[in-house]
Amino acid sequence: MLRLEKRPSPSQAWNYATPVLAVALTMVAGGLLFLALGKNPFEAIRLIFWDPLFSEQFGAYSRPQLLIKAGPLILIAVGLSIGFRAGIWNIGAEGQYIIGAMCAAAVALAFYPTESFLVFPLMIAAGAFGGWAWAMIPAILKTRFNTNEILVSLLLVYVAEKLLAAAATGFMRNPQGAGFPGSRNINAYGSASNMELIANTGLHWGGVAAFIAVIFAYVLLQRHILGFHVRLAGQAPRAAKFAGVAPARLVVMCLGLSGAFAGMAGMFEVSGPARLISIDFNAGYGFTAIIVAFLGRLHPVGILLAGFLLALTYIGGELAQFMLGIPGAAIQVFQGMLLFFLLALDILSNYRVRLALPAQKGEAR
Amino acid sequence: MSHPLLSIQGLTKRYPGVVANSEVTFDIGEGEVHALLGENGAGKSTLVKAIYGLIRPNEGRMLWRGQPYAPGAPAQARATGVAMVFQHFSLFDAMDVAENVALGMDNPPPIRELAARIIEVSNTYGLPLDPGRMVGDLSAGERQRVEIIRCLLQNPQLLIMDEPTSVLTPQEVEILFRTLRQLRSEGKSILYISHKLEEIRALCENATVLRHGKVVGRADPRQESARSLAEMMVGQTLHVPSRRREAPGRPLLQVENLSLAPQTAFGTALKGVTLTVRAGEILGIGGVAGNGQDELLSALSGELRAAPSAIRMDGTPVGGYGPTARRAMGLLCAPEERLGHAAAPDMSLIENALLTGAWREKLVRNGFVNWTKARDFAEKVILRFDVRTPGSHVAARALSGGNLQKFVIGREILQRPSVLVVNQPTWGVDASAAAAIRQALLDLAQAGAALVVISQDLDELLEVADNFAALNGGRLSAPRPVPGLTMDQIGLMLGGAEGDSDVAA
């Protein structure tokens, strides 16, 4: 029989080992899933994890995609991780991402076609504001009426999606678009365009922002008293109150910050790779970022690495869809399994597994 | 030749980096009340856990009436005839007594039958208990009865009791002792763990003393003085707290008609609490747990806000201030619950030093934490208050209760408070550490601070306090000077008898 024994203090070794183990187990379980779908599991895993980076055939296209996909994931996940550390669960980054993108697009469309170096910074501010404002809804409802921020933030994603559809087909539709849904091409509007900074790397301003966010979060959590209070509130809420942390202020700060980061990610996306506001603008980054945050152990550097890994599964997943005809949903299951294994293995950091043999029962008599 | 009930022979238990028990050997006879004495971290809990089947020793063996005994799980220990009453109760507030008892049994009978047996056992042993009452409404003493009766229903041969009296009033202790003596007269054995040496002298006929995991002495407690037992336990001469009493100075903390609604379903409301503490004075607040102690501390620390003028610091109204502002003014607190309230369990001692020391010790500049200074502060506390720990980087939960308590109290005292409020400063702390903590409190008062000491340990309050008041149902009695106070008067105050005149008369 297996028995769990609580460790006197959490194991550091397991803390680092579990993400690696979770990835390995996901590959095994994912392989079985692909096998059940009648595909060659080894080929599928190779297509997802290896070919996007090293295949001569696909590498040239896939490699830049890595930064393009990882950028928003990292930026959103860093914001979320700060809240998660404090035990404040913003599940609605996807919605904040959409609203941020719409606010940024609104600024761009309002200035169109005026060329000015002020437009782009203004869009960043608008994107951050949009995400922040959308996150303030669950924050205020929680602090005023004690609602559950998980439910409110999640449900607001669907409201944001409706707004997005209304914008793409109605108030933001391109007047010169022959009635097709979708806004003007913001990427093609010079002052508002989020250009690739170094050719063929996929690095745009969003990637830069993601790196800055990682450094910002690291400094905040390790060096700043606010970061200490965030960690304290997550680990020992009563001790945090005793230390003088006002829970309501912390909720507003954490939700606001993660909302602003998600909104900025939306801004960089709409002015860059996505090019315009369309009905299917959002690609699930806000949800995948939750996996990224946990896979990265809610640690900024871990999130950086996890962001690249999840970006890889996105690109590799597309490749596997295209090459082997694996259904898109199977890739989502694959990503979900990663989170599942990670959370399940987490118990090893805090507990020691003991093997209690039934034979020992006999000794007592 | 007759065998002892339980014979422990050369028991050794190692944890990574520490030997908790080393070659422990002793016997518990049939019908014997055997005391297990030792400081915190001496290895008492480890030993008891091995007997109860919660952990397995690395070496050594145990014999139960001459037969090998090696329980792999508590259920097995219970089947053999060992029962245990834990220091911290494992009861569910929202269930009634019978349901709680059933939850702890291996094969509970139907609840109606069980209720009848609970009444039967509770009458036999003089522990009145109504099986239909909600546990949330019970006093600490009654909760303990639930645990004891749960054990007695299994008809054990050996009853292990871990610090059973730390939550009881003097009257409840008397009832408990009658029960234990009755059990002994029926031939049952009791392994009694306590740091209250007078109790051990009154109850036990044999004592085994542990220090650093080893047996360092055996004694008949009836032949020893409390002081000689304590010195055996500590391994050195014991220091008795002392101070010169001086005329108190100006009032530093004034609480006037402080009332607060209960925070939870099982919380207590504070009703018109009024008190004044002067510079150099210690006010002792007694009372049975759950009568508003936690709430009073939270109201004073600023975790619960009150009307601004209900609490004054040196004349300034602070009732509306939060903990940070109050700390800045010199009003510091040390709550009862060490893990999770006074300290964050999974954080290091450095981080826990920062927890309350951030502003007063200037560990933070422009919002940025100076970790070097925080570590220095933590190490200063560790050094000055003799906190036994491998280092300041260790997580708070890895420390024994007494050591963490020394850290928590030291952390506040080293911040030079002008008013210090402590709740249960020596709960579960061994004799030498408790003496050190009390001395530190006395020194602080001597230096001109005003102190409020909330405790359930009456001896402790009478030892350190200048004035005594009792909390009962959220009301605070009028404080009375400790010199000249009799146990009868204290009993009346604890019981909630109002008014000074009729008590004094």
Side-chain angles (χ1 to χ4, degrees), chain A residues 1-13 15 85-87 216 218-250 253 298 346 349-352 354-365, chain B residues 15-16 18 53-56 62 64 67-73 76-77 79-80 297-298 301-304 322-328 333-335 337 339-348 351-352 354-356 358-359 363-371 374 394-399:
Chain A
M1 199 185 79
L2 286 175
R3 223 177 42 176
L4 292 174
E5 215 173 75
K6 190 153 180 148
R7 294 176 191 273
S9 52
S11 158
Q12 280 300 311
N15 209 3
R85 286 257 190 152
F216 168 81
Y218 185 84
V219 172
L220 178 77
L221 288 170
Q222 302 298 327
R223 296 267 160 214
H224 202 273
I225 188 77
L226 268 179
F228 175 71
H229 284 165
V230 161
R231 290 188 288 137
L232 188 60
Q235 293 186 14
R238 203 156 169 222
K241 265 187 101 175
F242 177 61
V245 181
R249 226 182 304 161
L250 204 64
M253 185 196 97
L298 306 182
D346 249 2
S349 314
N350 280 306
Y351 292 86
R352 212 190 300 270
R354 291 271 159 160
L355 211 57
L357 298 172
Q360 284 165 354
K361 274 193 171 168
E363 283 175 40
R365 305 225 170 89
Chain B
Y15 286 113
V18 56
L54 284 165
I55 56 167
R56 297 180 63 81
M62 293 184 276
W64 181 266
Q67 299 300 309
Y69 166 70
Q76 220 175 320
T80 313
L297 184 120
S298 297
S301 74
E303 287 162 88
L304 299 177
T324 308
R326 293 193 199 187
R327 252 178 220 128
C333 295
E337 185 65 44
L339 284 177
H341 193 183
D346 289 328
M347 285 191 166
S348 73
E351 289 168 303
N352 273 301
L354 177 68
L355 199 146
T356 68
W359 310 107
L363 307 178
V364 173
R365 234 179 99 195
N366 301 328
F368 285 91
V369 179
N370 185 339
W371 286 111
V394 169
R397 79 169 187 219
L399 264 64

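To find a chain, count down the sequence lines: A is the first, B the second, and so on, and within it residues start at 1.
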Q) Say you draw a straight line from CZ of F242(A) to SG of C333(B); how long is it, rounded to the nearest 0.5 Å? A) 6.0 Å
(Q) I need the residue from V394(B), L354(B), T324(B), L339(B) with the largest number of non-hydrogen atom pairs under 4.5 Å to chain A. (A) L354(B)
Q) With only heavy atoms counted, which part of R326(B) is less than 4.5 Å from chain A, the side chain, the backbone, both or neither? A) neither
Q: With sequence neighbours excluded, tell me which residues meet ring pair (Phe, Tyr, Trp, His ring centres under 6.0 Å) with F228(A).
A: none
Q. Among all residues two or more places apart in sequence or in another chain, which pass the side chain to side chain donor-acceptor pair (under 3.5 Å) test with R85(A)?
A. none
Q) Which bit of A344(B) is near chain A, if near means a heavy-atom gap under 4.5 Å: side chain, backbone, both or neither? A) both
Q: Taking all non-hydrogen atoms of both residues into account, name the closest pair between P345(B) and A236(A) and its distance.
A: CD-CB, 4.0 Å
Q: Please look at A343(B) and chain A and tell me whether the side chain, the backbone, both or neither of the residue comes under 4.5 angstrom of a heavy atom of that chain.
A: backbone
Q: Report the distance from atom CZ of R238(A) to atom NE2 of H341(B), rounding to the nearest 0.5 Å.
A: 4.0 Å
**Q.** For N370(B), side chain to side chain donor-acceptor pair (under 3.5 Å) partners two or more places apart
**A.** none
Q. So which bits of residues 220-227 of chain A come within less than 4.5 Å of chain B, counting non-hydrogen atoms only?
A. Q222(A), R223(A), H224(A), I225(A)
